[in-house]
Amino acid sequence: MKILVATEKPFSKTAVDNIREVVRESGNEFLLLEKYTDKSDLLNAVKDVEALIVRSDIVDDKVIEAGKKLKIVVRAGAGYDNIDLKAASAKKIVVMNTPGQNSNAVAELVFGMMILMNRKNYSGATGEELRGKKIGIHAYGYVGRIVGLIAKGFGMKVYAFDPFVEKVMVENDGVKWEESAESLYSKCQYISLHLPANNKTIASINYDLLKNMPEGATVINTARKEVIDEDGLLRMFQIRKDFRYLSDIAPDNAEILLRDFSDRCFLTPKKMGAQTAEANLNSGVAAATQIVNFIDNGDVKFQVNKF
Ligand code: 3PG
């Protein structure tokens with residue numbers, strides 16, 4: 001079978017070499033489409049393949065339609081909001097992600113951004129420390145959990161809110177469990193977002209939630225831009241002179257934020273949370289292995305759609 005890796009933002013060379021090896025050793029054929037700039041390149045490349053590995057690449061109904069032979073699509077990463085699950089399910093195409101494989105990279109970036117801001121862009125101006133401060137983890141999945149671990153190393157007090165995780169699991173990690181987003185935000189100076197983008201979470205981080213954050217309110221977003229209510233974010237910047245926003249995913253109103261609040265807003269130039277050698281290798285090889293297991297044994301362990 002033909003397995004295509006189609007990544008607008010490429011994996012590292014080592015990751016690609018390893019993915020190729022997994023595919024070839026399994027007796028399948030490896031194809032690669034990297035740094036494509038036109039959607040038509042993806043539509044052409046997918047025509048003749050049974051399996052597809054992507055990152056944040058948009059796999060919409062057109063891609064599904066073009067992939068006449070597609071049996072499986074694996075999102076090498078966590079969030080699969082870039083894949084039209086309905087269109088895939090209608091064609092009985094299995095969709096999977098590779099949970100946990102790039103989480104450490106994302107979690108480390110949270111602290112990279114926090115220290116950059118706290119040390120005033122390494123300018124030498126007097127900054128501030130993380131030790132003793134409260135951090136609230138909003139959604140306690142793979143990334144959130146590692147953020148908690150690292151935060152403890154910094155001597156921070158760690159809290160978490162996640163309606164889908166048992167209290168006992170959070171507490172077993174030595175993290176304080178909060179029963180609502182409201183209580184988490186009103187308690188913690190730092191909030192790290194790790195929610196997926198879906199109907200329930202889109203625009204859910206709004207002014208009403210943010211306004212109760214204590215002095216020095218800082219939100220770190222390495223999740224999805226869609227979870228933020230951008231009008232509320234702008235309002236928070238305007239009303240709260242202490243508010244800071246650090247994000248790996250530029251909001252649509254980035255230009256305004258960087259123009260008016262450049263000392264309190266940091267945005268990475270391009271989404272880079274998962275862009276480490278290790279995360280590329282882990283998630284890319286996991287994706288390839290999952291496809292081989294699916295082809296050889298019908299293994300659907302990481303399937304995220306139903307049909
Ligand atoms: C994910 O959902 O896994 C992360 O957002 C990483 O996305 P990327 O593969 O596009 O870097």
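Predicted model, so just to flag it, every value in this text is computed and none were measured. Numbering of ligands and ligand atoms starts at 1, following listing order.
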Checklist entry - Measuring from R235:CZ to L210:CG, what's the distance to the nearest 0.5 Å? => result 11.0 Å
Checklist entry - How would you list, by chain and number, the residues with a heavy atom under 4.0 angstrom from ligand 1? => result K9, R55, S56, R75, G77, A78, G79, N102, R224, K271, A274
Checklist entry - Would you say the side chains of S89 and N305 form a donor-acceptor pair under 3.5 Å? => result yes
Checklist entry - What is the distance from atom OG1 of T7 to atom CG of N280, rounded to the nearest 0.5 Å? => result 9.0 Å
Next on the checklist: Assess, by modelled atom type and distance only, whether the side chains of S283 and R75 contain a donor and an acceptor separated by less than 3.5 Å.
Outcome noted: no
Table please: side-chain donor-acceptor pairs of residues 160-172 below 3.5 Å, with sequence neighbours left out.
unit_1	atom_1	unit_2	atom_2	d
D162	OD1	F164	N	2.8
D162	OD2	Y140	N	2.7
N172	ND2	V168	O	3.4

Checklist entry - For N121 and S123, does a side-chain donor sit closer than 3.5 Å to a side-chain acceptor? => result no
